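Below is one structure, written out as structure tokens; the observations come after it.
The model shown is predicted, which means the values in this text are computed figures rather than measured ones. Sequence positions, counted from 1, serve as the residue numbers for this chain.
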Amino acid sequence: MTNRIILGSLHQTTVGHTSQGFWRHPAAQAHRYAELGYWSDVAGKLDRAGVDFLFFADVVGALEDYRGTPDAALERAVELPMIDPLLIISALAQSTERLGFAVTGSTTYENPFLLARKFATLDLVTRGRIGFNVVTSALASAARGYGLERPFPHDERYDMADEFLEIAYDYWEGSWADDAVVRDREAGVYTDPTKVRRIRNEGRYFRTDSIALTEPTPQRTPVVFQAGASTRGRAFAAAHAEAIFLVHDDPVATARAVADIRRIAAENSRDPRDVKILSMATVVTAPTDAAAAALADEFRSYFDHEAELAQLSALFGIDLSQVDPDLPLEHAETDAIRGMLEIYTKRDADKRWTTREIAELNNLAGAGPLFVGSPTTVVDGLEAWIEATGVDGFNLADPVPPLTLDMLVDDVVPELRRRGLVDPVDRSAAPLTLRERLQGPGNARTRPGNHPSAARRYS
């Protein structure tokens with residue numbers, strides 16, 4: 001029997017994200033990506049529907065592996081132009097009451113002292129509704145933008161991320177005691193300095209020597225999200241992540257990944273069930289299955305094949321303009337997003353995928369599963385996926401906004417609620433932190449023995 005389903009809504013503050021070309025649909029509003037009112041509308045719909053969190057993906061470089069220039073990405077709106085999602089969270093928190101926010105940050109190019117402050121700030125102003133989607137940046141354009149000649153090697157980026165999080169955990173958990181702020185008006189003492197510790201770390205990649213600039217926050221450590229799919233990335237995620245984002249349209253491969261992540265989590269002395277695993281997915285609904293299928297076909301007619309190749313080139317670290325689209329794409333060593341390449345080169349022992357087939361496979365649903373039909377049919381499919389894979393929920397894409405977002409909040413969520421698969425919206429209850437939404441009430445902070453951050457807490 002399916003337990004409560006965790007629901008996220010997947011977005012990027014750009015035009016073309018999971019599916020390429022759909023911004024051209026007459027009803028699409030993707031071009032409004034830079035309007036704060038647009039994102040307030042999105043967040044408001046999700047908040048009222050009781051969706052658990054709004055997830056912002058992000059990259060810190062232009063997609064320019066295809067033909068060696070950003071021209072295709074610029075011309076066809078492939079993750080360009082885009083804005084920084086971190087800077088709009090405060091406004092969205094002000095216009096919502098319960099919705100959580102998971103926002104991407106790079107451990108490759110950010111500074112742990114400064115990023116810890118940013119997420120602590122967001123945890124304070126959202127009253128504990130923030131999550132940190134940890135990414136290691138692979139794009140060569142990002143490396144050059146940060147003044148480097150080339151990106152760091154794949155596995156080294158995860159070594160950097162381990163060290164980054166160790167420092168961030170120290171600032172979030174170990175610098176201030178819970179009772180450090182006394183606000184004693186008579187004595188004129190706001191913070192007791194004997195209860196604030198200096199964090200010193202001399203690592204291979206980062207050095208720091210300071211106290212945290214923020215007082216303890218509702219969650220202390222923001223909820224850690226991660227999407228590593230390679231062997232090294234999966235090990236990192238199982239050690240650190242509280243919610244893991246999987247991208248695969250094959251239930252057998254997804255089930256293997258889920259089992260592997262839970263095994264590694266147990267090897268890291270964590271409770272495997274406390275690591276929540278979410279599948280990226282796309283839904284298309286209409287009153288009948290036939291009408292939904294026709295609508296999905298209409299959406300597919302806007303698919304941009306070259307735009308998809310431009311995105312895949314960046315994900316794979318391979319210029320697909322130099323690859324015959326009808327010859328098999330063999331497995332290749334790459335320092336880009338290795339797990340994404342392995343999805344296709346290792347997905348079927350009896351089939352060798354061509355770039356044309358991969359691009360067409362990603363047409364409407366990106367690299368995740370697609371559920372098309374009436375609300376009843378779609379939710380049947382979501383339930384079956386959970387039963388087959390063992391995931392805890394979904395991060396649902398929005399390829400034709402606001403049409404596909406409205407399908408989620410107006411059609412899918414009510415049917416899930418009717419079946420008791422998502423919680424009722426109780427406006428009289430106190431809002432939960434994001435961690436409590438994932439782990440249950442009373443779990444606002446990471447638990448000792450379950451997450452490495454808890455061991456660094458001030459005591």
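- Checked against the 6.0 Å centroid criterion, the rings of Phe164 and Phe206 qualify as a close aromatic pair.
- Centroid-to-centroid, the aromatic rings of Phe55 and His11 stay 6.0 Å apart or farther.
- Contact check on Arg76 versus Glu306 returns a salt bridge, with a Lys/Arg side-chain nitrogen under 4.0 Å from an Asp/Glu carboxylate oxygen.
- With respect to the salt-bridge test (charged N to carboxylate O, under 4.0 angstrom), the residues Arg98 and Asp52 do not qualify.
- For the pair Leu86/Leu122, a side-chain contact is recorded, criterion being any heavy-atom separation below 4.5 Å from C-beta on.
- Ring centroid separation for the pair Phe236 and Tyr158 comes in under the 6.0 Å cut-off.
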Task: Derivation of the salt bridge (charged side-chain N to carboxylate O under 4.0 Å, His left out) call for Asp123 and Arg129 - done: CA-CA 6 Å; Asp123 203 49; Arg129 293 187 283 148; over 6 Å; no
TODO: Verify side chain to side chain contact (heavy atoms under 4.5 Å, CB included) between Val103 and Phe56, making sure each step is shown before the conclusion.
DONE: CA-CA 5 Å; Val103 62; Phe56 280 118; 4.3 Å; yes
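- A salt bridge between Arg4 and Asp423 is present, with a side-chain N of the basic residue lying under 4.0 Å from a carboxylate O of the acidic one.
- A 4.5 Å side-chain heavy-atom check between Thr282 and Phe371 finds every atom pair outside the cut-off.
- Under 4.0 Å is where a charged nitrogen must lie from a carboxylate oxygen, and between Glu267 and Arg262 no such pair does.
- Aromatic ring centroids of Phe113 and Tyr171 lie under 6.0 Å apart.
- Aromatic ring pairs are classed by plane angle as parallel below 30°, tilted from 30° to 60° and perpendicular above 60°; the pair His25 and Phe299 is perpendicular.
- Contact of the His248 side chain with the Leu246 side chain is not registered, since no non-hydrogen atoms from C-beta on lie closer than 4.5 Å.
- Classification of Glu173 and Arg445 as a salt-bridged pair fails, no side-chain N sitting under 4.0 Å from a carboxylate O.
- Salt bridge annotation for Glu149-Arg144: absent, with no cationic side-chain nitrogen under 4.0 angstrom from a carboxylate oxygen.
- Taking the six-membered ring where the residue is Trp, the centroids of Tyr33 and Trp23 are separated by 6.0 Å or more.
- Residues Val60 and Leu139 form no side-chain contact, since every pair of their non-hydrogen atoms from C-beta on lies 4.5 Å or further apart.
- Other residues, nucleotides and ligands place more than 12 heavy atoms under 6.0 Å from the CZ atom of Arg427.
- With Phe53 as reference, Phe225 is the one residue of Phe225, Phe132, Phe101 to meet the ring pair (Phe, Tyr, Trp, His ring centres under 6.0 Å) rule.
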Task: Residue pair Thr136, Ser106: steps toward the side chain to side chain contact (heavy atoms under 4.5 Å, CB included) verdict - done: CA-CA 6 Å; Thr136 67; Ser106 170; over 6 Å; no
Task: Check against side chain to side chain contact (heavy atoms under 4.5 Å, CB included), Thr18 and Leu10 - done: CA-CA 9 Å; Thr18 60; Leu10 173 62; 3.9 Å; yes
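- The residues Asp380 and Arg419 are annotated as salt-bridged, a charged nitrogen and a carboxylate oxygen being separated by less than 4.0 angstrom.
- Ion pair Arg447/Asp274 flagged as a salt bridge, since at least one NZ, NE, NH1 or NH2 atom sits closer than 4.0 Å to an Asp/Glu carboxylate oxygen.
- Taking the charged nitrogens against the carboxylate oxygens, Glu156 and Arg232 have no contact shorter than 4.0 Å, which rules out a salt bridge.
- With 3.5 Å as the limit, one finds a donor-acceptor pair spanning the side chains of Ser279 and Trp385.
- Other residues, nucleotides and ligands contribute at most 12 non-hydrogen atoms within 6.0 Å of the CD atom of Gln94.
- Note on ring orientation: taking the six-membered ring where Trp is involved, the planes of Tyr169 and His240 are tilted (angle from 30° to 60°).
- Within the 4.5 Å cutoff, the side chain of Ser19 has no heavy atoms near those of the Asn363 side chain.
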Task: Derivation of the salt bridge (charged side-chain N to carboxylate O under 4.0 Å, His left out) call for Arg435 and Glu242 - done: CA-CA 9 Å; Arg435 183 169 286 112; Glu242 299 170 80; 2.6 Å; yes
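- The main-chain N or O of Ala72 is never found under 3.5 Å from a side-chain atom of Arg67 such that the two would form a donor-acceptor pair.
- For Arg117, the CZ atom counts as loosely surrounded, since its 6.0 Å shell holds 12 or fewer non-hydrogen atoms of other residues, nucleotides or ligands.
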